[in-house]
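What follows is a short report on a single structure.
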Amino acid sequence: MLDSDDRARSWCVATRVRDTPHGALGLTDDDLRSIHRTLLLARMLDEAALRQNRMGRAPFVVPGSGHEGCQVGTAWAMRRGTDIWLPYYRDVGVVLVAGMTPYEIFLGVFAKADDPSSGGRQMPSHWGSRRLGIITGSSPIATQVPHAAGIAYAARLRHEDTVVGCWFGDGATSEGDWHEGLNFAGIHRLPVIFVCENNHYAISVPQSKQMAVEDVAQRAEGYGFPGVVVDGNDVIACYAAMKRAHDRARAGEGPTLIECKTYRYFPHTSDDDDKSYRSREEVEEAKHHDPLVEFGRYLETHGIVDGSERDAVRAEVKAQIDQAISAAWEAADPEPASALRHVFAEDDGR
Amino acid sequence: MLDSDDRARSWCVATRVRDTPHGALGLTDDDLRSIHRTLLLARMLDEAALRQNRMGRAPFVVPGSGHEGCQVGTAWAMRRGTDIWLPYYRDVGVVLVAGMTPYEIFLGVFAKADDPSSGGRQMPSHWGSRRLGIITGSSPIATQVPHAAGIAYAARLRHEDTVVGCWFGDGATSEGDWHEGLNFAGIHRLPVIFVCENNHYAISVPQSKQMAVEDVAQRAEGYGFPGVVVDGNDVIACYAAMKRAHDRARAGEGPTLIECKTYRYFPHTSDDDDKSYRSREEVEEAKHHDPLVEFGRYLETHGIVDGSERDAVRAEVKAQIDQAISAAWEAADPEPASALRHVFAEDDGR
Amino acid sequence: MSERNVVTAIREALHDEMAQDERVVLLGEDVGARGGVFRISEGWAAEFGEDRVIDTPLAESAIVGVAIGMALHGLLPVAEIQFADFIHPAFDQIVSEAARIRYRSNGDFGVPLVIRTPCGGGIHGALYHSQSIEAFYAHIPGLKVVMPSTPADAAGLLRSALRDPDPVLFLEHKKTYRAVKGEVPEGAFHTPIGRADVKRAGEDLSVITYGYEVHRCLDAAARLSEEEGVSVEVVDVRTLAPLDTETILASVRRTGKAMIVYEDNRTYGAGAEIAATIAEEAMFDLDAAIVRVGGPDVPAMPFATPLEHFFMEPEPDHLYRRMRELARS
Amino acid sequence: MSERNVVTAIREALHDEMAQDERVVLLGEDVGARGGVFRISEGWAAEFGEDRVIDTPLAESAIVGVAIGMALHGLLPVAEIQFADFIHPAFDQIVSEAARIRYRSNGDFGVPLVIRTPCGGGIHGALYHSQSIEAFYAHIPGLKVVMPSTPADAAGLLRSALRDPDPVLFLEHKKTYRAVKGEVPEGAFHTPIGRADVKRAGEDLSVITYGYEVHRCLDAAARLSEEEGVSVEVVDVRTLAPLDTETILASVRRTGKAMIVYEDNRTYGAGAEIAATIAEEAMFDLDAAIVRVGGPDVPAMPFATPLEHFFMEPEPDHLYRRMRELARS
Ligand SMILES: Cc1ncc(C[n+]2csc(CCOP(=O)(O)OP(=O)(O)O)c2C)c(N)n1
Ligand SMILES: Cc1ncc(C[n+]2csc(CCOP(=O)(O)OP(=O)(O)O)c2C)c(N)n1
Ligand SMILES: [Mg+2]
Ligand SMILES: [Mg+2]
């Protein structure tokens, strides 16, 4: 159990992590280039998916734009192959870091048979891949939180060096499962990191109608582990907070709750219209803190990526996405009668 | 929403309320005599009910001994007739203050037709009485917490000067409903007081396996209202904390979470055997801080009740209980076929 | 009389109730500024005030639990669960609390609560926006379960639910919202809870159904009479609990053939109770075995068009064929 | 072979599984130091370690949700819900998660989870310690629901549940725990999930039942053969989902009379599916209408002895009478 001093200290982290130079965190310039590419990929994938939706080729899409900074920044501190990922539907940036390809993502967007997440059974963005360690997610909010605790418990019992990352929105923090999952993780000091992408709305419900506090991170104290607040538009700050939490988890020091203040640029989903609940001014204002722009500036200041390089990357990414879309579009649909499969195991392997 | 200063201040309350002289709180000597009588009544009712259980006349009883201090102390700040009570099964002390009589309580113990709580349908100690403003309670833990918030919301919408009191144990704080109920109350700054009778066990599960914090009261901060810790064996401290919370509620300042540190002297219920999970030493040690003894000492120090008076009261209470038991025992059992009644309203009044 | 679709009928009926009785409050996710994801309460936060049209946190157990508290203290809450698929976190509050409070208090307390939620599939909602939930709730004594299929029934039953002293689960099939139009009587008429309705009279075969399936059955019945001269009676159950066994049995006794159609997965679905009741009460009036047509026994309706279509229609015209088959048997 | 009661049979089977396979963990309220409220895991925290016998916080949704996570990461969790009446807060984790993970991931993930919980009444448990819950869960594709009535079946089915790659809800009727004794084969035998069992062979009438009612039906059947020479076959369903329709239909076809007995409240109860299946598949083999005998449609079993007794036995010998009536009809 943390004593109040630890708790006090854990709070300061929130401010200390801002604007840390990447070198001190062990990030090389190449790391930053890859991060930059991933951020662009996430953003451009999003825009491409929305275009597919408007063209009538994708009945439903979930935009992530605005969240890329905290998604890619936090996910970057995780280890492919070793760690376990429980993203939520908005986390295109997280699953890209986890290893899902644009082609695989569009197989989901077009609900194709080879969609790795569900073979077209679930809506797009309901991520899952046993191979990549991405745990299948559902629509009901916050149900993955106790799963994350259980996986972390199992990993420790099996003496694995595994850290579990669990992402969710501000809305998720109101659910009973969120409370129960964090409490369990705190009691057993489990190697799990809870990342709240606080975009200040649960669809239309503003934060002020979801909670009477400004920082949901402060609830972590009540579960006996640190809560950290970071600027979700500051990719490196997000990485730093996640890295520290990851180190704590591996050192047996227990969970961390990281709250990333972020914003959603598009409506909740392609079915939503956000004009009734968000002023255009508010949305425009938020875009002035675009994590991609801020990260781009950082790269230029430190002379890692200049304008022309950025354009080159952008062009490559665009080509990659176009190619993924046409390949995914051509892929096979699921067989109608296959709807009857996989209710129960088809062999009895466990 | 509270700013952090308020929160800080709310914390100090925890220590400040200890040992407040009753005068300063507006409690007269007569009040203290009635409190004393109620404490004795609760304790002796408990012991009498356990005897009935051993005699085989009561199949199941829930002892409250050890909790009387925080039950009577907190309940005393509520107003009969105006306020609404949501006690949990261990709260014999609360319902006595709310106006339930020993006779009515034993009608429940013997599952008689006139049991005001349920007509013998529920186990004993599942309190309820529309007349007294005691909301019917169930066995599932923490389900009354959202009810309390809803009642407080309705009372305020109807411009009533009503305060809602909601009691529960430490175990209840782990349930999703507890989190959801407190969060809702915090968002709307409702006139409700949450009282946790922390006896450090959920049946056999020690606090350390229920939460990673020492004071569950600190979770209140995460819901935007003050959390207060009091010594549950200090009746006047409990009253003071509740009175302050009651004043806040009526002043529109919102909810308070009061955590009373207490201890259960007997097994969880007449079906439990606590030897497997509590050492006799621990139990004996706890009894050295008996709220009745401590309150008796206070009364003597302030020359309000002396030894002989105490014996007199004890004798009266004993007579009252014996009389209640024999009357209740003689009362009619429910009609078998009445089991089919009250599934739905028998008239359509709402 | 004037033509409405289901969502408009619900919107207007609920609006009138809120306007007439200030004890009525609406609470749920996104019901305020956004007016609900189906726009049923659009503009109401401004009209009735945010204290009567309450945007809740994302917490279904609290939505129902808080509403129970409101109902216990003089209000007439309407709790909206955004999609029926998300009502499960509130299962305990509904089963253990709302439905038991009157019984456990020996009649001392009552819970006049309406829980509204859009259910059902065929709208490309995938596993978690398509579910049928009636079977879980119809089994709970102390709870009434209503599921209208037409604009008039939706309005009339919603008004009755709001006047009911006990908790009512009001199920709105999403596919009927805009697809189904019909005449709605003017004024505050009531449709009684607990009464089935014969939506089409017939002689050769009784089809017992509810929700959106009513319309698919009516279409098949119309084609059958045109193309095959088969006369099918379509009984719309409307209220699953309490079930109107009288109307159902009367129809079956007359036609001698019973088919029960429901969208939910077949096994242990609500249709089982209807079939069992007929088997107990009218078996010797039947001249063919009872037929149940339910959804496949898979966890929920998949997203991809071929899969969703297979769930709704495992073979082309399957309702038409099954009816014809039974009528001819 | 040696005689055991149900609680001992469960204790021994689960103990062996934990001893043999360290992937097996037990989590729930009071399972540690106290060994569970029914003492099934007494001493195990010391024997297997507190990290495999886990006292959880009072949070059913987390008990199941955490267990799902464990099952997804290589463990074989047994989640104990202290009383079936308290499983409802976990309804969403069971319906939306445990039962759907394989389907929604197109077979990529599986959840080998056993949820054990004591259910049923007649033990003076009142409204919240007496409930039957099988009807809610048997309707969920992706979930198996098992309910043994004898020590041997309890041990054999529990072992099968622990070897099942999918989630199994294992229902233990409290009244059988100590009241029901019987021979249990030595060794790690398995009783297959999905197979009903004829507990008593007979000619005149088939009684389909499960749980503690099996024993009440066997008693009535024994008396009927002695006192009236009526020969009753008693089929113990044992597994509610998947339901063994073959065994049930074979019995009914032979005797020509079917009575379904269950303790849960009657309407929309599990017996409805059994009755419906018989009505669809074997109606013309029947020479009497199907009879369902279920509990009264009240929210739960009351506490006071006269009320509880009325719930279990609305009229003296009611099972005996109903069987005789049907046999003679
Ligand atoms: C249990 C449950 N209730 C309601 C919904 C409907 N719903 C889908 S997303 C959403 C809002 C989620 O908000 P948040 O957690 O902040 O994530 P964001 O979408 O803002 O990234 C709601 C209410 C749901 N999916 N699950
Ligand atoms: C939802 C639910 N789960 C489990 C139980 C069984 N149970 C009854 S009391 C109890 C412990 C409650 O502990 P606490 O809240 O601390 O109150 P205390 O009995 O210590 O006063 C448990 C687990 C229950 N009644 N409800
Ligand atoms: Mg959000
Ligand atoms: Mg306790």
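By convention in this document, chain letters (A, B, ...) are assigned in the order of the sequence lines, proteins followed by strands, and residues within each chain are numbered from 1.
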D:Q82, part contacting chain B, at a heavy-atom distance under 4.5 Å
side chain
Can you tell me which portion of D:H129 sits under 4.5 Å from chain B's heavy atoms? Options are side chain, backbone, both or neither.
side chain
Against chain D, label B:A142 side chain, backbone, both or neither, depending on which of its atoms sit under 4.5 Å from a heavy atom there.
neither
On a heavy-atom basis, the closest approach of B:D333 and D:P306 is CB-CG, 4.1 Å
Non-hydrogen atoms of chain B under 4.5 Å away: do they reach the side chain of D:F311, the backbone, both or neither?
neither
Could you tell me which portion of B:P334 (side chain, backbone, both or neither) has an atom closer than 4.5 angstrom to a non-hydrogen atom of chain D?
both
Please say whether more than 12 non-hydrogen atoms of neighbouring residues, nucleotides or ligands are located less than 6.0 Å from CD in D:E50.
no
Shortest non-hydrogen contact between D:L307 and B:A339, atoms and distance
CD2-N, 3.7 Å
Do B:E175 and D:E60 make a side-chain contact, defined as non-hydrogen atoms from C-beta onward lying under 4.5 Å apart?
yes
Heavy-atom pair count under 4.5 Å with chain D, highest-scoring of B:P206, B:P59, B:P140
B:P140
Quick one: does B:E335's side chain get under 4.5 Å of D:F310's, heavy atoms only?
no
Any chance you could measure B:Q210, atom CD, to D:E29, atom CD, to the nearest 0.5 Å?
9.5 Å
Is there a side-chain contact between B:H126 and D:L127 (heavy atoms, below 4.5 Å)?
no
Measuring from B:F344:CZ to D:D297:CG, what's the distance to the nearest 0.5 Å?
9.0 Å
Is there side-chain contact between B:R121 and D:P299, with heavy atoms separated by less than 4.5 Å?
no
Checking heavy atoms, do the side chain of D:T305, its backbone, both or neither come under 4.5 Å from chain B?
neither
What is the minimum heavy-atom distance between B:G171 and D:L58, and which atoms define it?
O-CB, 3.4 Å
Check each atom of D:F303 against the heavy atoms of chain B and say whether the ones under 4.5 Å are side chain, backbone, both or neither.
both
Heavy-atom distance under 4.5 Å to chain D: side chain of B:L340, backbone, both or neither?
both
Would you name the heavy atoms of B:M123 and D:H124 that are closest together and state the gap between them?
CE-O, 4.5 Å
When heavy-atom pairs shorter than 4.5 Å are enumerated against chain D, which of B:S338, B:S118, B:A111, B:S174 gives the highest number?
B:S174
Interatomic distance, D:F86 atom CZ to B:T143 atom OG1 [nearest 0.5 angstrom]:
9.5 Å
Does D:E22 CD have over 12 foreign heavy atoms under 6.0 Å away?
no
Among B:D272, B:D273, B:D274, B:D271, find the one that has a salt bridge (Lys or Arg N to Asp or Glu O under 4.0 Å) with D:R34.
B:D272
